[in-house]
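Just below is one structure, and these are the notes that go with it.
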Amino acid sequence: MTSENHASKIDSNRVLIFDTTLRDGEQSPGATMSHDEKLEIAGLLDEMGVDIIEAGFPIASEGDFNAVSEIAKNAVNSTICGLARANLKDIDRCWEAVKHAKSPRIHTFIGTSPQHRAIPNLTMDEMADRIHETVTHARNLCDNVQWSPMDATRTEWDFLARTVEIAIRAGATTINIPDTVGYTAPEESADLIRRLIAEVPGADEIIFATHCHNDLGMATANSLAAVAGGARQIECTINGLGERAGNTALEEVVMAMKTRHDILPYTTKIDSTKIMHLSRRVATVSGFNVQPNKAIVGKNAFAHESGIHQDGMLKSADTFEIMRPEDVGLVETNIVMGKHSGRAALRSKLKDLGFDLADNQLNDLFVRFKALADRKKEVFDDDLIALVTDAGSDGEGHLEVNFLRVVCGTEAPQTAELSLRVGEEDKQASAQGDGPVDAAFNAVKAVFPNEAALQLYQVSAVTEGMDAQATVTVRIEEDGRIATGQSADTDTVVASVKAYVNALNRLIVRREKSGGDVPEVSYKDIG
Ligand code: KIV
Ligand code: ZN
């Protein structure tokens, strides 16, 4: 038995952080990450001190299986967990992927509420038998098994208690209580865990986890209340990424316990100074931007715009700040980068921002930085982050923009001329459209015909000022496959086309990986 899966073996106020950005977060429509991106995020989570990383759902696709296996091989400190539905095939596949980890975990679940029981059409007795069989099977493979009654907060008490007892008897070492549809409220969340621990035989021998969704905006409060009720594992995602209103945000529960340690006397192993970098990387690779007023990681979370606030801040930072920006890794340095800044200054600045680049990557970035500095007087931290992000998504795909010229103005229609590398070939086209972006996208379609529908087109300024870069996010959909692309440039149309081309490159990879029309398995296909 590994150290973190037995209730009596952990310090009574220590809360385990179970990050599911790569499973529940990635399931959010459009948030699909590439193999390399998943590996990068898992590495950062491991480094930050996450106790358990739920790396994916191995039966879902070859891609998910490979990502979970590789994350398991690379993990240094974290336990690596995979998700499996309540059947032997899922559990075997999950074990094949996680078994490479120094500390592997199988997480198996079944929907226990009346709403979820109707899907596999099992009676309560049949479901009880299924839980016994699947948890026993998982435990025969792995000594670290987590079991979840999905939609626990809408499950009848007697049946919930009965299933939890069966799972514990069958060898589950962690019982996770999911609030799958974000239905509970803090007091109820605390009471449910408290009652399970008090009334279910064997409950004091295992760890209880809380897994909350944010449909009513209460995920953080519900998770912390569950901890007050006795849960010692919080399941969460970076930026609260997840379907619908998302999951509990890791940064919120961690910083709440740190900042209000007087009334929330719990500890985690998280190095909070790594939060900001992870938040930015997850936003970029998932294509889900963080709202400016998001707690802890939003652009405005530490900005003090109003006169009264600024005056207070100048006198004493704690007038309006309950946390220090540096505690979450927001580093303000005095070095402003410009066209005279050298390679060493760029390297050191990037290091402060959490990017440790190899020499060849730095050389490539330096050229891009100089080009940007020629167009912009001052290059801010966010410009550099956008530049690193852009460098990571360019030039790796099937398509690459060589040249773009757009004529726009008050006289319609607008026209675009484009040269695009398609595989090994350079192809040209010109097209018209209703506005410069439409014309440029039509030129891409003329060179690379596709039926992908545009689901999202979003522009945001990277920094303040007239010469600010624009970050463009594009999400497209083709036959149920969704792909997101992002790019930044001082020219919004250039950023738009590059973001569109990045999204197409990802779609091409997804087409190849899923082998044409084969649908991927969803964890909601109960089987
Ligand atoms: O929300 C949920 O119920 C889940 C389960 C699979 C644990 O994500
Ligand atoms: Zn969930």
Side-chain angles (χ1 to χ4, degrees), residues 16-29 31 52-60 64 68 81-87 90-91 93-94 98 105-120 127 130-131 134-135 138 144-155 159-160 163-164 167 172-184 189 192-193 196 207-220 222-223 226 231 233-250 253 286 288 521-527:
L16 301 170
I17 297 294
F18 175 109
D19 181 279
T20 184
T21 306
L22 297 173
R23 199 278 298 170
D24 220 353
E26 212 238 357
Q27 245 159 240
S28 190
I52 305 111
I53 298 173
E54 188 164 52
F57 177 34
I59 196 94
D64 249 55
V68 177
C81 173
L83 184 69
R85 293 166 301 180
N87 68 67
D90 268 44
I91 292 170
R93 189 77 175 144
C94 178
V98 298
R105 176 182 291 192
I106 296 173
H107 176 193
T108 182
F109 75 99
I110 196 161
T112 48
S113 66
Q115 295 83 344
H116 284 266
R117 286 201 301 269
I119 304 168
M127 188 167 277
R130 176 84 77 96
I131 294 164
T134 50
V135 175
N144 189 341
V145 171
Q146 170 167 326
W147 181 74
S148 298
M150 184 163 75
D151 206 13
T153 53
R154 290 194 301 169
T155 301
F159 188 56
L160 180 66
T163 56
V164 167
T173 44
T174 300
I175 299 288
N176 174 40
I177 301 298
D179 183 29
T180 305
V181 290
Y183 182 69
T184 198
S189 176
L192 185 57
I193 301 284
L196 285 165
I207 300 248
F208 274 86
T210 176
H211 175 113
C212 299
H213 282 265
N214 203 28
D215 299 66
L216 291 172
M218 292 192 279
T220 294
N222 289 338
S223 302
Q233 175 179 303
I234 297 181
E235 308 209 351
C236 46
T237 59
I238 301 289
N239 298 340
L241 189 66
E243 274 180 282
R244 309 185 311 276
N247 289 64
T248 300
L250 178 147
V253 284
S286 66
F288 277 64
V521 176
S522 154
Y523 85 107
K524 287 179 189 141
D525 307 327
I526 308 294

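All values below come from the heavy atoms of this structure, side chains included, with hydrogens, waters and symmetry mates left out. Counting convention: from 1, in listed order, for ligands and their atoms alike. Only a predicted model underlies this, so the values are computations on that prediction, with no experimental measurement involved.
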### Query
Which of the atoms in ligand 1, numbered in the order shown and given with their element, are less than 4.0 Å from a heavy-atom of Asp24?
8 (O)

### Message
Between Ser148 and His107, is there a side-chain donor-acceptor contact under 3.5 Å, judged purely by atom types and distance?
### Response
yes

### Query
Given NE2 of His213 on one side and NE2 of His211 on the other, what angle do they make at the Zn ion (ligand 2), to 10°?
100°

### Task
Determine whether more than 12 heavy atoms belonging to other residues, nucleotides or ligands lie under 6.0 Å from atom OH of Tyr183.
no

### Message
Tell me whether Thr180 has any N or O atom under 3.5 angstrom from an N or O of ligand 1.
### Response
yes

### Query
Strictly by modelled atom types, are Glu54 and Thr20 linked by a side-chain donor-acceptor pair under 3.5 Å?
yes

### Task
Check ligand 1 against His211 and write out every atom of the ligand that is under 4.0 Å from a heavy-atom position of the residue.
1 (O), 2 (C), 4 (C), 8 (O)

### Summary
Per side chain to side chain contact (heavy atoms under 4.5 Å, CB included), Asp179 is matched among Asp215, Asn222, Thr248 by Asn222

### Query
Can you tell me if Asp151 and Ser113 form a side-chain donor-acceptor pair at under 3.5 Å?
yes

#### Entry: Over-ring placement of Arg117 relative to Phe159, 6.0 Å and 45° cut-offs
yes

### Task
Taking only heavy atoms of Met150 into account, list the atoms of ligand 1 that are under 4.0 Å away from them.
3 (O)

### Message
Taking backbone and side chain together, does Asp24 place any N/O/S atom at a distance below 2.8 Å from the Zn ion (ligand 2)?
### Response
yes

### Query
In ligand 1, which numbered atoms sit nearer than 4.0 Å to a non-hydrogen atom of His213?
1 (O)

#### Entry: Min heavy-atom dist Arg23 to ligand 1 below 4.0 Å
yes

